[in-house]
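Side chains included, hydrogens not; waters and symmetry mates left out as well; all remaining heavy atoms used. This chain uses plain numbering: 1 for the first residue, then up along the sequence.
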Amino acid sequence: MKKAVSLVLVFVFVMTLFGCTAPEPLPEGYDEFCRSAFEEKILDPDDALAWSIANNVVVINGNECVSGGGLMSSFYGLTKNGEPASLLCAMYYGTSTPSENSEYPKLFFIYVVYDGNSYHMKDRECRTGELDRETDFAHLLHLTGKFENTRKYSNYEYYVLTDEASATWEDIRAGMISSQSEDFIDYEVLFENLT
């Protein structure tokens with residue numbers, strides 16, 4: 001009996017050590033929550049931000065994840081294992097002085113459904129039900145690293161939808177500033193946290 005318990009403990013330790021633990025499940029009924037919230041929540045940006053933080057939404061305010069980081073991690077783990085799942089994200093863009101630009105603040109809802117094969121993404125501004133973008137991507141990448149030659153942030157963490165399985169954050173940034181159209185990598189950031 002002691003040998004069996006010892007083997008189980010060793011197995012659990014090895015699985016934890018090598019990151020092979022199963023991803024945390026998403027909340028019960030989360031697929032329906034994401035769908036209905038994306039379709040029905042029409043709010044001003046500040047109200048949408050408060051609602052998103054209070055509910056099960058991945059919330060990015062500026063360059064920082066302020067809520068739902070565990071949901072993002074769970075969604076990533078589940079879909080990497082081929083399990084269908086949904087996710088709702090909120091990207092908030094504020095302004096330090098409201099008179100600076102009357103278009104801000106803004107908040108975009110991003111709704112992603114993984115069907116076991118590809119990621120179907122929709123986004124819209126929170127004040128309207130009209131879609132800004134709807135597209136499919138083949139991959140969800142978790143990109144981490146260090147910035148070089150920056151004073152404000154040292155490290156980055158992104159979850160990015162793209163069709164380029166081997167893309168790095170450096171590849172994506174280079175494509176944004178390149179004058180060569182073939183260098184551009186189509187992508188959508190679902191999560192960012194800069195430290």
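Between Y93 and F108, the closest side-chain pair of non-hydrogen atoms falls below 4.5 Å. Looking at heavy atoms from C-beta onward, M121 lies in side-chain contact with I110 at the 4.5 angstrom threshold. Contact annotation: the side chain of D44 never approaches that of C126 to less than 4.5 Å [non-hydrogen atoms, C-beta and beyond].
In summary, of the residues considered (Y76, W169, Y187, F191), a ring-ring contact (aromatic ring centres under 6.0 Å, His included) with Y158 occurs for W169 alone. Considering N193, I60, N61 in turn, N61 is the only one that fulfils the side chain to side chain contact (heavy atoms under 4.5 Å, CB included) rule with V66. The residue from C34, C89, S52 that alone fulfils the side chain to side chain contact (heavy atoms under 4.5 Å, CB included) condition with F109 is S52.
The number of heavy-atom neighbours closer than 6.0 Å to CD of E40, taken from other residues, nucleotides and ligands shown, is above 12. For E28, the CD atom sits in a loose shell: 12 or fewer heavy atoms of surrounding residues, nucleotides or ligands are nearer than 6.0 Å.
With hydrogens and angles ignored, the 3.5 Å screen pairs a side-chain donor or acceptor of D115 with a backbone N or O of N117. Distance alone, capped at 3.5 Å, is enough to place a donor-acceptor pair between the D123 side chain and the R133 backbone. Looking only at distances, no side-chain donor or acceptor of K41 sits under 3.5 Å from a matching main-chain atom of W51. Proximity of a side-chain donor or acceptor of S74 to a complementary backbone N or O of E24 within less than 3.5 Å is detected. Between the side chain of T162 and the backbone N or O of D186 there is at least one donor-acceptor pair closer than 3.5 Å. A donor-acceptor contact shorter than 3.5 Å is absent between the side chain of T79 and the backbone of G82.
Taking CD of E125 as the reference point, atom CG of L107 lies at 7.5 Å (rounded to 0.5 Å). The CG atom of L26 lies 7.5 Å from the CG atom of D31; values are rounded to the nearest 0.5 Å.
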Output, in order, the C-alpha distance, side-chain angles, deciding distance and verdict of side-chain contact (heavy atoms from CB on, under 4.5 Å) for L87 and Y114. CA-CA 9 Å; L87 185 70; Y114 179 70; over 6 Å; no
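Side-chain contact check for Y119 and D136: no donor-acceptor pair (N or O, by modelled atom type) lies under 3.5 Å.
Classified by interplanar angle (parallel below 30°, tilted 30° to 60°, perpendicular above 60°), the ring pair F147/Y156 is tilted.
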